[in-house]
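What you are looking at is a predicted structure, and each value in this text was computed from that prediction instead of being measured.
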Amino acid sequence: MASYDFKKAEKKWQTIWEEEGTFNAKQDFSLPKFYCLVEFPYPSGQGLHVGHPRSYTALDVVARKKRLQGYNVLYPMGWDAFGLPTENFAIQNKIHPEKVTRDNIARFKEQLQSLGFSFDWSREVNTTDPSYYKWTQWIFLKLFEKGLAYKTEMAVNWCVSCKCVLANEEVVNGVCERCGSEVVRKVKSQWMLKITEYAQRLDDDLDELDFIERVKLQQHNWIGRSTGAEVDFATSTGDNIKVYTTRPDTLFGATYMVISPEHDLVKKWADIIENMDEVDAYVDAASRKSDFERAEVNKDKTGVKLQGVFAVNPVNNEEIPIFIADYVLVSYGTGAIMAVPGHDERDWEFAKKFELPIVEVVKGGDIEKEAYVDCDSGLMVNSGFLDGLNVEDAIKKMTEWLEEQGKGYAKVNFKLRDWVFSRQRYWGEPIPIVCCDKCGFVPLPESELPLTLPMVSSYEPTDDGESPLAKLTDWVNTSCPKCGGPAMRETDTMPQWAGSSWYFLRYCDPHNDEALASKEALEYWTPVDWYNGGMEHTTLHLLYSRFWHKFLYDIGVVPTPEPYAKRTSHGMILGENGEKMSKSRGNVVNPDEIVDEYGADTMRLYEVFIGDFEKAAPWNSSSIRGCKRFVDRVWALQDICLDGENYRPQLETDMHKTIKKVTLDIDALKGNTAIAAMMSLTNRFYEVGSVNKAEYRDFLLVLNPFAPHLTEEVWEKMAFGGKVSQQNWPQYYEEKCLEETIEIAVQVNGRVRSKLTVAADIESRDAIELAKADERVGQFTAGKEIIKELYIKGKLVNIVVK
RNA sequence: GCGGGUAUGGUGGAAUUGGCAGACACGUUGGAUUUAGGAUCCAAUGGCCGUGAGGCUAUGCAGGUUCAAGUCCUGUUACCCGCACCA
């Protein structure tokens with residue numbers, strides 16, 4: 001037998017699959033369906049690195065197995081192609097981003113196809129294609145129509161290098177998530193999406209979903225729900241200060257108030273505040289700090305007392321001072337707090353510094369030394385009608401009291417902010433809105449979609465914060481769709497996250513020009529049964545797309561309230577040195593070279609075999625050889641293949657056990673141990689000295705999802721009939737997975753002293769008798785008193801002696 | 001600071017959830033084959049002691065529960081990730 005010519009075989013089968021459309025999802029909606037999805041890549045200039053194929057392979061294995069199990073599988077692929085890196089590359093090299101995108105996609109596609117993924121290429125989507133982004137714009141207009149898209153002037157995160165605003169989700173540790181540059185505050189008029197309107201549902205509905213826990217947790221934390229109360233504090237000026245607190249029980253301990261420097265009352269009180277100079281200086285200093293500086297946790301608390309005004313604590317009518325301080329954020333709650341220094345660390349620190357009274361209202365701590373914060377076990381004191389209650393009851397009673405008195409009410413708050421949706425860059429979807437002096441913001445009529453991105457030769461970002469599109473006066477100046485008068489187009493574009501927020505819907509019906517997808521296709525295919533993607537998208541793409549999907553559900557476009565039934569996440573493939581793979585570290589492994597040297601199947605096997613799917617794993621160019629050997633050994637089984645229509649007795653259990661293991665492991669994303677089991681079975685064939693046709697056939701079937709080219713090629717060479725892709729997944733029988741005789745360990749005082757081969761169904765009593773009769777066991781029990789003896793079925797006997 | 005996670009041979013990693021730790025691989029060593037290299041095949045391979053049979057020891061560290069602990073409990077260390085003055 002000639003050795004396996006993987007290059008020839010892989011090319012051959014890839015061509016067949018492409019010509020036949022072997023893996024295209026079927027239009028027959030009566031079949032059981034399985035929608036299997038991986039995040040579509042951003043087609044960067046560097047091409048794929050060996051990290052990309054990890055999740056593609058894992059879900060390709062799932063998709064291929066599901067097909068063999070009779071499901072109509074949708075496993076699509078596409079391109080998330082708008083975005084800054086492409087635009088920056090285009091600017092640097094003076095090539096239009098449209099061409100850069102086209103070239104990058106061509107390269108990515110070729111690389112993906114060389115790995116033999118079973119994607120349905122007939123459904124390929126591209127977010128930069130006008131026939132695609134027509135529907136991205138359409139969804140935006142629906143959001144606008146329902147009041148969920150609005151434009152407002154606000155302080156935003158501005159990346160100095162990208163010359164573009166960023167969403168909160170795109171700012172990581174005060175720097176730009178993408179380029180690592182400084183992020184400063186800038187007041188700008190921005191399009192916003194009201195994701196906050198969906199905060200409660202995005203949070204609640206997580207519980208019903210089959211998402212891995214760390215994803216749920218991260219989304220819960222990001223949404224940041226808290227329950228408490230809003231309370232009104234009267235002031236000496238007749239104004240109200242509304243505060244949000246999670247601890248209404250501690251209201252009797254509120255000895256001062258703090259409002260943020262940006263709070264409206266500061267300006268309103270300009271004439272009343274006696275030390276306005278000092279206050280102005282503080283406000284000014286705060287405004288010049290970056291968010292990052294302001295958020296620095298361990299810095300000293302600063303602030304200024306507002307002279308000439310005071311507030312009144314609504315529960316005891318005591319007059320309390322009002323401060324401004326930048327530790328109170330204007331963007332959360334009401335931008336004002338009641339300070340309870342006895343039971344809040346920040347307030348305690350502030351009170352110590354400004355020598356303000358600290359009152360204990362929950363007993364149990366030592367408020368002289370530190371704030372008593374985690375006081376669930378304490379009882380209320382110095383708190384009038386709350387005295388003697390525990391914290392939980394006190395919160396309830398105080399909230400009731402506030403509501404009765406009309407001084408406050410229960411309130412749920414979220415950390416989640418609305419989504420800053422406009423970008424001052426060229427390579428994105430134009431926002432289909434015109435601004436008319438008479439009519440305000442007017443949406444383009446649906447018939448004018450898509451509003452295409454004008455093809456221009458100059459699209460550099462500007463320093464003044466305007467979109468490059470603003471310079472195209474011919475394009476900008478238009479007429480109002482409503483009144484026909486002169487109007488101007490919106491010149492900002494959508495963020496990269498727009499196109500990816502709904503792409504999984506388009507796959508269901510990608511060529512539809514009447515709707516983003518037909519009702520029937522959506523009814524059949526959604527929700528996505530299994531979605532895998534990176535943890536870095538948890539609070540970005542994953543949250544955004546859940547939001548859009550819920551909105552589309554509310555307006556009757558999609559049939560399910562959630563887009564994804566199941567979400568898993570892969571660990572990163574690291575460089576050989578254990579560090580993150582990157583060009584600057586020089587540890588990038590190019591999959592093309594691996595495919596060239598070892599073949600796609602070896603590459604696929606190694607990607608799965610490398611380790612626990614959820615954990616990061618370092619690439620190792622030696623280890624991959626083990627997978628290559630495995631491929632060659634499977635090929636060479638042809639030399640020792642005997643006739644035989646049934647499993648041979650000495651291999652029957654091995655066959656059933658392996659099929660079972662592979663079947664279950666694939667669904668549990670434990671392909672690494674599935675491959676180990678198949679390696680063991682191969683070793684077993686060689687140990688026996690032969691395989692027979694029945695065994696070889698079924699072995700090839702379970703190996704097929706991992707090594708599709710090899711298995712098809714062997715199948716054909718062996719003339720097993722048809723193709724592997726047309727077969728059924730082999731069955732295993734539970735009862736045939738059990739050995740008739742088993743080896744059990746015999747322990748004395750928990751240490752293994754001997755082994756016995758016994759019938760699998762041996763009675764406990766018999767096993768113990770046999771164990772005690774064992775010579776070696778006797779040496780350890782002789783002359784000692786047996787205190788206890790037990791048999792753990794199928795495992796061991798333990799004899800405890802003294 | 002808060003929340004979550006991880007820690008097992010020289011390496012990647014297994015361990016049916018409390019039941020023989022180290023499956024499966026990589027690497028290494030020895031052997032076979034080969035003109036040679038490569039490839040392939042066979043054997044050994046956690047550590048310590050022992051010629052040997054075998055014994056002891058071992059899952060970051062320290063305790064505990066149990067006939068039995070990588071797995072459960074208490075404490076502790078290191079690293080990774082997320083959030084970060086969110087009232």
Does [N] have its OP1 or OP2 closer than 4.0 Å to a side-chain nitrogen or oxygen of [X]?
X: A:N683; N: B:A25; result: yes
X: A:R751; N: B:U57; result: yes
X: A:R625; N: B:G38; result: no
X: A:S226; N: B:A87; result: yes
X: A:Y327; N: B:A87; result: no
X: A:R629; N: B:U40; result: yes

Hey, is [X] close enough to [Y] for a salt bridge, meaning N to O under 4.0 Å?
X: A:K657; Y: A:E739; answer: yes
X: A:K7; Y: A:D596; answer: yes
X: A:K242; Y: A:D232; answer: yes
X: A:E687; Y: A:R684; answer: yes
X: A:E607; Y: A:R54; answer: no

Anti or syn - B:U17, cut at 90° from 0:
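Classified syn.
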
Can you tell me whether the base of B:G50 sits syn or anti, using the 90° cut around 0 to define syn?
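Anti for B:G50; the angle lies over 90° from 0.
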
Which nucleotide in the list [options] gets nearest to the side chain of [X]?
X: A:Q747; options: B:G19, B:C85, B:G12; value: B:G19
X: A:Q218; options: B:A23, B:G82, B:G19; value: B:G82
X: A:R753; options: B:C24, B:C20, B:C56; value: B:C56
X: A:T246; options: B:A87, B:G4, B:G19; value: B:A87
X: A:L790; options: B:A87, B:G19, B:C85; value: B:G19
X: A:W222; options: B:C24, B:G3, B:A84; value: B:A84
X: A:S623; options: B:G19, B:C24, B:C26; value: B:C26
X: A:I792; options: B:U11, B:G19, B:G13; value: B:G19
X: A:V800; options: B:C20, B:G27, B:C67; value: B:C67
X: A:T245; options: B:A87, B:A25, B:C26; value: B:A87

So what does [X] hit on the nucleic acid, given a heavy-atom distance under 4.0 Å: a base, only sugar-phosphate, or nothing?
X: A:L217; value: sugar-phosphate
X: A:V328; value: base
X: A:Y686; value: nothing
X: A:A616; value: sugar-phosphate
X: A:F414; value: nothing
X: A:E743; value: base

Taking pairing as Watson-Crick or G-U wobble with both contacts under 3.5 Å, can you name the mate of [N], or confirm there isn't one?
N: B:A39; result: none
N: B:G52; result: none
N: B:G18; result: none
N: B:A62; result: B:U74
N: B:U33; result: none
N: B:G3; result: B:C81
N: B:U45; result: B:G27

Using a 6.0 Å distance limit plus a 45 degree cone around the ring axis, check whether A:R625 lies over the aromatic ring of A:Y598.
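Ring-cation test returns no.
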
Between [N] and [M], how many Å separate the two [atom1] atoms, rounded to a whole number?
N: B:G10; M: B:G47; atom1: P; value: 7 Å
N: B:C79; M: B:C41; atom1: C1'; value: 43 Å
N: B:G22; M: B:C73; atom1: P; value: 25 Å
N: B:A58; M: B:G46; atom1: C1'; value: 8 Å
N: B:C67; M: B:A15; atom1: P; value: 28 Å
N: B:G60; M: B:C56; atom1: C1'; value: 22 Å
N: B:C48; M: B:G9; atom1: C1'; value: 14 Å
N: B:C2; M: B:G75; atom1: P; value: 14 Å

Could you tell me whether the side chain of A:K755 has a donor or acceptor atom within less than 3.5 Å of a complementary atom in the base of B:C20?
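Looking at the base of B:C20, it does pair with a donor or acceptor on the side chain of A:K755 (distance under 3.5 Å).
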
Per the atom types in the model, does the base of B:C20 pair as donor or acceptor with the side chain of A:K795 at under 3.5 Å?
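No, no donor-acceptor pair under 3.5 Å.
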
First of A:M679 and A:N672 reached from the 5' end of RNA chain B, by closest nucleotide:
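Per heavy-atom nearest nucleotide, the more 5' residue is A:N672.
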
When the nearest nucleotide of RNA chain B is assigned to A:N221 and to A:G611 on a heavy-atom basis, which residue is associated with the more 5' position?
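Result of the comparison: A:N221.
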
Please give, in whole Å, the distance from [N] [atom2] to [X] [atom1]?
X: A:R633; N: B:A25; atom1: CZ; atom2: P; answer: 8 Å
X: A:M338; N: B:C85; atom1: CE; atom2: P; answer: 20 Å
X: A:D347; N: B:G1; atom1: CG; atom2: P; answer: 20 Å
X: A:I799; N: B:G19; atom1: CD1; atom2: C1'; answer: 15 Å
X: A:F613; N: B:A14; atom1: CZ; atom2: C1'; answer: 18 Å
X: A:L574; N: B:C79; atom1: CG; atom2: C1'; answer: 14 Å
X: A:R54; N: B:G13; atom1: CZ; atom2: C1'; answer: 11 Å
X: A:Q219; N: B:G3; atom1: CD; atom2: C1'; answer: 16 Å

Are A:F6 and A:W635 close enough that their ring centers fall under 6.0 Å?
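No.
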
Start with the C-alpha gap between A:F350 and A:Y256, add the side-chain angles, then the distance that decides, and say whether ring-ring contact (aromatic ring centres under 6.0 Å, His included) holds.
CA-CA 10 Å; A:F350 192 87; A:Y256 64 101; 5.5 Å; yes

If you measure from CG on A:L651 to NE2 on A:H656, what distance do you get to the nearest 0.5 Å?
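Between atom CG of A:L651 and atom NE2 of A:H656 there are 11.0 Å.
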
Rounded to the nearest 0.5 Å, what separates atom CD1 in A:I322 from atom NE2 in A:H263?
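Going from the CD1 atom of A:I322 to the NE2 atom of A:H263 covers 9.5 Å.
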
